[in-house]
**Student:** 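A single structure is presented below for examination.
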Amino acid sequence: MCGIVGYIGEKNCVDVLLDGLSSLEYRGYDSAGIAVFENGEVETVKSCGRLVNLRDKLKSDGAPISKCGIGHTRWATHGKPSDANAHPHSGSKVTIVHNGIIENYVDLKNSLQEKGVKFISDTDTEVAAKLIDYYYHNDPLAAIKSALSRIRGSFAFGILFSDIPDTIYAVRKDSPLIVAEGDGESFIASDIPAVLKYTRKYYLIEENEVAVLTKRGIRFCDFDGETIEKEMQTATWDISAAEKGGYRHFMLKEIYEQPKAIKDTVSPRIIDGKIVFDGIKDGEFKGISQIHIVACGTAMHAGMVGKYAIESLARIPVNVDIASEFRYRDPIFGKNDYLIIISQSGETADTLAALRLARSRGVKTIAVVNVVGSSIARGADHVIYTWAGPEIAVASTKAYSVQLSVMYMLAARIAFENNAIDNSKYTEFCSEILKLPEAVSQTLAQQENCQRLASIYQNAHSLFFIGRGMDYAVSMEGSLKLKEISYIHSEAYAAGELKHGTISLIVEGMPVIAVATQRQLVEKTVSNIKEVKARGANVLLACREGENGVGEADELIELPDMPDIFMPSLAVIPLQLFAYYMAVLRGCDVDKPRNLAKSVTVE
Ligand code: AGP
């Protein structure tokens with residue numbers, strides 16, 4: 001939701017902080033700021049808008065010279081984007097940057113105001129800064145502890161005390177934060193890409209732990225100052241993975257990375273015609289009575305595909321839920337239920353809360369996550385990592401594709417362990433799924449066709465996406481992609497449901513994108529195409545080569561042939577490309593769409 005960084009070492013920390021914020025801008029870009037120690041004082045510079053505005057301000061006003069400081073790039077939660085609401089925020093001696101939400105900030109603000117504390121912003125973060133300040137009497141750990149004991153919500157804080165120069169304190173609860181160690185330098189960051197240029201060595205910090213960064217290095221301790229030993233992690237990503245690599249946008253790069261991402265996620269797990277997940281023993285899924293799949297956004301759409309895959313192969317009931325709904329509807333769990341949590345970032349607040357709720361009810365949980373060591377990965381009983389590499393574009397593409405591939409593998413594994421499929425079908429499934437990367441590569445050849453189609457529909461005010469079964473699930477994802485990056489309204493609909501209301505919206509020229517890949521449903525979807533065409537719709541059909549619904553469509557996207565269960569992985573590709581080119585043609589900021597952020601770490 002926001003990105004925070006901190007640095008102490010021998011380099012000019014302003015350059016390092018700006019570098020780090022540039023790598024984290026995908027987490028929020030409404031405003032940015034830094035606070036650094038200079039001549040024994042804390043100097044704060046911040047500005048509304050993109051990071052480039054802060055760079056310009058530093059250039060025109062002259063950047064402070066410092067070797068220790070913190071920085072922040074914001075996705076506005078409390079208070080609109082403005083200079084005053086930009087982080088860092090300060091009290092008389094305390095300056096902080098924050099990622100997260102303080103749920104009881106109004107009460108805390110009122111109690112501080114009653115003690116005469118003044119505020120200049122609308123943010124919850126300023127309240128945290130002034131609360132720590134209120135408790136600060138030359139003991140930073142005690143001040144942090146007292147303040148955190150009253151704060152409810154999520155946070156990752158980078159904290160400076162003006163009378164403790166060249167020292168950074170860092171704490172977290174529910175929001176992501178890593179502490180990295182370089183050669184004679186230390187960092188804090190919301191995510192690994194911010195430090196990859198300098199070091200691959202990092203530590204994960206837990207709740208109720210404090211990281212203290214000084215020129216002597218990093219010390220972890222509890223609030224009483226007792227040292228805590230931590231195990232060092234090593235980032236495996238190469239730096240280029242977090243760069244555009246010659247593509248115009250991260251989104252297009254990541255669309256083209258999908259074949260490799262699927263291969264990296266699937267191939268190592270197919271061993272002698274069986275599916276192997278690290279740390280998950282054979283028989284783990286035997287006897288499951290019901291499966292709950294919970295996620296948000298695109299990850300939830302992958303879960304919808306997972307539902308169809310698991311129910312068709314394993315004949316076990318699956319219900320898919322949006323995490324923000326699931327966590328508050330007091331869900332009903334059976335004795336042998338299983339929860340599958342899906343999240344690219346592994347930090348989505350609603351999804352993390354849903355996981356914790358299920359665990360509190362004794363439900364076995366498995367997380368499908370792309371970021372190693374993330375909160376959701378660490379919070380589940382088991383984790384199946386997707387190996388897509390860092391996904392920088394806010395609009396998820398390759399993460400969705402690898403999530404689908406894990407859903408397929410889970411469906412086959414669960415079906416086999418519950419005797420719903422025999423050995424030969426299991427082995428056949430394993431050999432078929434290995435063909436998926438090549439089929440996706442072939443589908444990417446639709447790029448020019450999708451670019452052409454986008455030029456036809458670029459001025460549309462609203463579009464429909466329709467499909468049945470798995471094609472409906474894919475339509476949901478295609479609609480979200482288009483909406484979030486091109487800002488064109490669209491609606492995904494179960495094709496058979498149109499006649500129950502929304503067909504009233506079909507007017508002359510209304511674009512309808514129909515997805516028809518599920519063989520036993522194609523004919524039905526073609527009937528729906530005829531219904532909307534009869535009312536003037538302009539239909540773009542995504543289907544297998546040669547199965548173009550008896551020529552009813554105005555435009556075609558033809559897909560390679562794979563078994564029905566894998567077709568969502570092919571059908572989504574042109575929908576991603578279509579959305580991408582619609583956004584490009586409309587001059588939208590493809591990688592950083594307005595109002596969004598890559599990881600929604602607040603409710
Ligand atoms: C997808 O394009 C969106 N950016 C968004 O819906 C995203 O999928 C959702 O916020 C879930 O994120 P997660 O997978 O990191 O949990």
**Student:** I'd like to know whether the aromatic ring centres of His249 and Tyr580 sit less than 6.0 Å apart in this structure.
**Tutor:**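 Centroid distance His249-Tyr580: below 6.0 Å, so yes.
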**Student:** Suppose we screen for salt bridge (Lys or Arg N to Asp or Glu O under 4.0 Å). Which residues come up paired with Glu257, at least two apart in sequence or across chains?
**Tutor:**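 For Glu257, the residues satisfying salt bridge (Lys or Arg N to Asp or Glu O under 4.0 Å) (neighbours in sequence not counted) are Lys253, Lys398.
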**Student:** For the side chain of Asp591 and the backbone of Met251, is there at least one donor-acceptor N/O pair under 3.5 Å apart?
**Tutor:**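 Present.
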**Student:** Would you say the side-chain atoms of Gln344 pair up with the backbone N or O of Ala299, donor to acceptor, closer than 3.5 Å?
**Tutor:**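 Looks like no, no N/O pair under 3.5 Å.
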**Student:** Just by distance, no angles: are the side chains of Ser475 and Arg468 close enough, under 3.5 Å, to form a donor-acceptor pair?
**Tutor:**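 No donor-acceptor contact under 3.5 Å links the two side chains.
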**Student:** If we only count heavy atoms from C-beta on, is the Ile178 to Ile205 side-chain gap below 4.5 Å?
**Tutor:**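 Side chain of Ile178 against side chain of Ile205, heavy atoms only: no contact under 4.5 Å found.
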**Student:** Can any side-chain N or O of Asn104 pair as donor or acceptor with the backbone N or O of Asp107 at less than 3.5 Å?
**Tutor:**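 No, Asn104 side chain to Asp107 backbone: no donor-acceptor pair under 3.5 Å.
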**Student:** State, yes or no, whether a side-chain contact exists between Ile228 and Asp222 at a heavy-atom distance under 4.5 Å.
**Tutor:**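 The answer is yes, as the side chains (C-beta and beyond) meet within the 4.5 Å cut-off.
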**Student:** Using modelled atom types only, decide if a donor and an acceptor are shared between the side chain of Arg74 and the backbone of Cys2 within a distance under 3.5 Å.
**Tutor:**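 Checked: no pair found.
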**Student:** Check whether Asn336 reaches the backbone of Ser289 with its side chain - one donor and one acceptor, N or O, closer than 3.5 Å.
**Tutor:**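 No; zero donor-acceptor contacts below 3.5 Å.
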**Student:** Quick one: does any side-chain atom of Asn418 pair with a main-chain N or O of Ile414 as donor and acceptor, under 3.5 Å?
**Tutor:**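 Indeed, once roles are kept as given, a pair shorter than 3.5 Å links the two residues.
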**Student:** Can you see which heavy atom on Gln258 is nearest to which on Glu254, and at what distance?
**Tutor:**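 Residues Gln258 and Glu254, closest heavy atoms: CG-O, 3.4 Å.
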**Student:** Supply the atom-to-atom distance Tyr105 OH to Ile151 CD1, rounded to the nearest 0.5 angstrom.
**Tutor:**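 Here the rounded value is 13.5 Å.
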**Student:** What are the two closest heavy atoms between Ile188 and Gly158, and how far apart are they?
**Tutor:**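 Looking at all heavy atoms of both residues, the shortest contact is CD1-CA, 3.7 Å.
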**Student:** Indicate whether any N or O donor in one side chain lies under 3.5 Å from an N or O acceptor in the other, for Thr365 and Asp381.
**Tutor:**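 Present: a donor and an acceptor within the cut-off.
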**Student:** Please report the closest heavy-atom contact between Gly71 and Leu21, naming both atoms and the distance.
**Tutor:**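 Distance-wise, the nearest heavy atoms are C-CD2, 3.7 Å.
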**Student:** Measure across Glu391 and Ala399 and return the closest heavy-atom pair with its distance rounded to 0.1 Å.
**Tutor:**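 Looking at all heavy atoms of both residues, the shortest contact is OE2-N, 2.9 Å.
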**Student:** Is Trp75 close to Val600 at the side-chain level, that is, under 4.5 Å between some pair of heavy atoms?
**Tutor:**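 Sidechains of Trp75 and Val600: no contact.
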**Student:** What do you reckon, are the aromatic ring centroids of His98 and Phe157 less than 6.0 Å apart?
**Tutor:**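 Aromatic pair counts; centres sit under 6.0 Å.
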**Student:** Looking at Asp350 and Arg327, is any side-chain nitrogen of the basic one under 4.0 Å from a carboxylate oxygen of the acidic one?
**Tutor:**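 A salt bridge links Arg327 with Asp350.
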**Student:** Do side-chain atoms of Lys481 reach the backbone of Gln576 as a donor and acceptor pair under 3.5 angstrom?
**Tutor:**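 Side chain of Lys481 to backbone of Gln576: no pair is present.
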**Student:** Could you tell me which residues satisfy salt bridge (Lys or Arg N to Asp or Glu O under 4.0 Å) with Lys109, sequence neighbours excluded, listed by chain and number?
**Tutor:**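 None.
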**Student:** With respect to Asp174, which candidate in Arg378, Arg152, Arg356 satisfies the salt bridge (Lys or Arg N to Asp or Glu O under 4.0 Å) definition?
**Tutor:**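 Going through the options one by one, the only one that passes is Arg356.
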**Student:** So do Phe119 and Val127 actually touch side chain to side chain, heavy atoms under 4.5 Å?
**Tutor:**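 They are in side-chain contact.
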**Student:** Hydrogens and angles aside, do Glu477 and Thr298 bring a side-chain donor and acceptor to less than 3.5 Å of each other?
**Tutor:**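 Yes - a donor-acceptor pair under 3.5 Å links their side chains.
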**Student:** Are Tyr385 and Thr265 linked by a side-chain donor-acceptor pair shorter than 3.5 Å?
**Tutor:**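 The criterion, which ignores hydrogens and geometry beyond distance, is not satisfied for Thr265 and Tyr385.
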**Student:** The criterion is salt bridge (Lys or Arg N to Asp or Glu O under 4.0 Å); which residues satisfy it with Arg315, sequence neighbours excluded?
**Tutor:**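 Applying salt bridge (Lys or Arg N to Asp or Glu O under 4.0 Å) to Arg315 gives none.
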**Student:** Mark yes or no for whether Arg586, through its side chain, and Tyr581, through its backbone, hold a donor-acceptor pair below 3.5 Å.
**Tutor:**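 A pair under 3.5 Å: no.
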**Student:** Please examine the side chains of Val5 and Thr73, heavy atoms only from C-beta on, and report whether any two atoms are closer than 4.5 Å.
**Tutor:**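 No. Closest side-chain heavy atoms not under 4.5 Å.
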**Student:** Verify, without hydrogens or angle tests, whether Ser486 (side chain) and Ile488 (backbone) share a donor-acceptor contact under 3.5 angstrom.
**Tutor:**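 Here the side-chain-to-backbone pair exists.
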**Student:** Rounded to the nearest 0.5 Å, how far does OG of Ser405 lie from CG of Leu410?
**Tutor:**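 Leu410 atom CG to Ser405 atom OG measures 10.0 Å (nearest 0.5 Å).
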**Student:** Should Leu131 and Leu112 count as side-chain neighbours, where that means a heavy-atom distance under 4.5 Å?
**Tutor:**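 Yes - at least one pair of side-chain heavy atoms lies under 4.5 Å apart.
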**Student:** If we only count heavy atoms from C-beta on, is the Val590 to Val584 side-chain gap below 4.5 Å?
**Tutor:**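 Counting from C-beta outward, Val590 and Val584 do come under 4.5 Å.
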**Student:** Find out whether the Lys NZ or Arg CZ of Arg413 is both under 6.0 angstrom from the six-membered ring centre of Phe285 and within 45° of the ring's axis.
**Tutor:**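 No, Arg413 and Phe285 do not form such a contact.
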**Student:** Is Asn110 atom CG crowded by more than 12 heavy atoms from other residues, nucleotides or ligands, each under 6.0 Å away?
**Tutor:**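 More than 12 within 6.0 Å, yes.
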**Student:** Looking only at side-chain N and O atoms, does Thr123 offer a donor or acceptor that is under 3.5 Å from a partner on Thr125?
**Tutor:**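 Thr125 vs Thr123: no donor-acceptor pair found between side chains.
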**Student:** Could you tell me whether the side chain of Asp30 and the main chain of Ala76 form a donor-acceptor pair under 3.5 Å?
**Tutor:**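 Yes, Asp30 side chain to Ala76 backbone: donor-acceptor pair under 3.5 Å.
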**Student:** Between Ser479 and Ser490, does any side-chain donor sit less than 3.5 Å from a side-chain acceptor?
**Tutor:**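 On atom types as modelled, these side chains qualify, holding a pair under 3.5 Å.
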**Student:** Got Ile513 and Leu575 here, is their nearest side-chain heavy-atom distance under 4.5 Å?
**Tutor:**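 When only atoms from C-beta onward are counted, Leu575 and Ile513 do touch, with a gap below 4.5 Å.
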**Student:** Any side-chain donor paired with an acceptor under 3.5 Å for Asp337 and His292?
**Tutor:**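 Side chains of Asp337 and His292: pair found under 3.5 Å.
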